[in-house]
Amino acid sequence: MEDSNKNHFEALVDEHSPALYAQIRSMVLNHEDANDVLQNTWLKAWHAQSGFRGEAAAATWLYRIAYNEALQHLRKQKVKRVFLLTNASAERVDGSLSTADPGKILERAIEGLSVQQRAVFGMRYFNDMPIKDVAQALRLAEGTIKAVYHKAVKKIEDYIKKNPN
Amino acid sequence: MKEFEHLKGKKTKVFNDLPKGYFKALKQEVMEKIDQPLEEENPLRRKRLLMAAAALVILMLGIGAALIYFIEPSQPQYADKHSEAPLPNEETLVSQGNGTPINTLMETDHVSKSGADTLSWDDIATEDLLRYLLENDDNNF
């Protein structure tokens, strides 16, 4: 029983890790943080398996956990920043950022979004999630998700237009 | 979709700083960690945090009480300020429309200087009251 449960969980980790990573990364913005949050997401999911009632798809349930974990991580970071008086933008200065790299331009554009916009954009753009599922995962109305996504895309498009190279 | 014009082809190029074999390593790490029991919160740490919070609240209350007790009000009280104001003399009083001076009842006779703000029945002479009632038809009872 325990083994079959573990095998099933392992399959879930295999299947959903890349999509969850993209969602988390678009929220927390760097790899180290995304890695921590993703690991915590899977541990929470494992220990909360009994709480999963199967009303929603497993993916939606996982996205919900990931979203909450990422939010918690961002809150902790904010508190840390207040106490250490460090500047978020200074932390993000990365020598490897090349403006000619289209992927990096998109990453920079995502940085300019709000946390909610980043979450919605991450789910919809990188993981092609239907609006309905995004709404279910974030517990928001479908209309709200559409509006948030539209604003996010508009902001990113504007950023890319202004910084073509 | 027009909105995606600038986003086309960027999806696969983003977040490309992942170490090689990252997801495989992640799976291994996660599967190892799920076998370990959940880290329980240290009760001693929780106790310390609660004590620190309580101390902070007590300190804030102490500072508040000290501020209230030691700092004297910088502004004089309203009543004190007004009791010191001089009463107007007859010359400065403006006359009413019909030429009757405003101080017909000679307020200065009945209103003491210190009690200028509080006029009681005892301050009004009986004859003044009677004169007022006789002069006003509306009070014909």
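All values reported here derive from a predicted model rather than from experimental measurement. Here is the naming used below: chain letters follow the sequence lines, and residue numbers restart at 1 for every chain.
- A distance of 12.0 Å separates CD1 in B/Ile34 from CD in A/Gln39, rounded to the nearest 0.5 Å.
- Interface with chain A: from residues 23-30 of chain B, residues B/Phe23, B/Leu26, B/Lys27, B/Glu29, B/Val30 qualify, criterion being any non-hydrogen pair under 4.5 Å.
- Atom NZ of A/Lys155 is surrounded by more than 12 heavy atoms from other residues, nucleotides or ligands within 6.0 Å.
- With sequence neighbours left out, the ring pair (Phe, Tyr, Trp, His ring centres under 6.0 Å) criterion links A/His31 to A/Tyr21, B/Tyr22.
- Using a 4.5 Å cut-off between side-chain heavy atoms of Ile, Leu, Val, Met, Phe, Trp and Tyr, with links allowed through other members, B/Leu61 and B/Phe70 fall into different hydrophobic clusters.
- Legend: residues meeting salt bridge (Lys or Arg N to Asp or Glu O under 4.0 Å) with A/Arg25, ordered by chain and number and at least two apart, are A/Glu107, B/Asp17.
- From A/Phe9, atom CZ reaches atom CE of B/Met31 across 6.5 Å, with rounding to the nearest 0.5 Å.
- For the side chain to side chain contact (heavy atoms under 4.5 Å, CB included) test, no residue two or more places apart in sequence or in another chain qualifies with B/Ile58.
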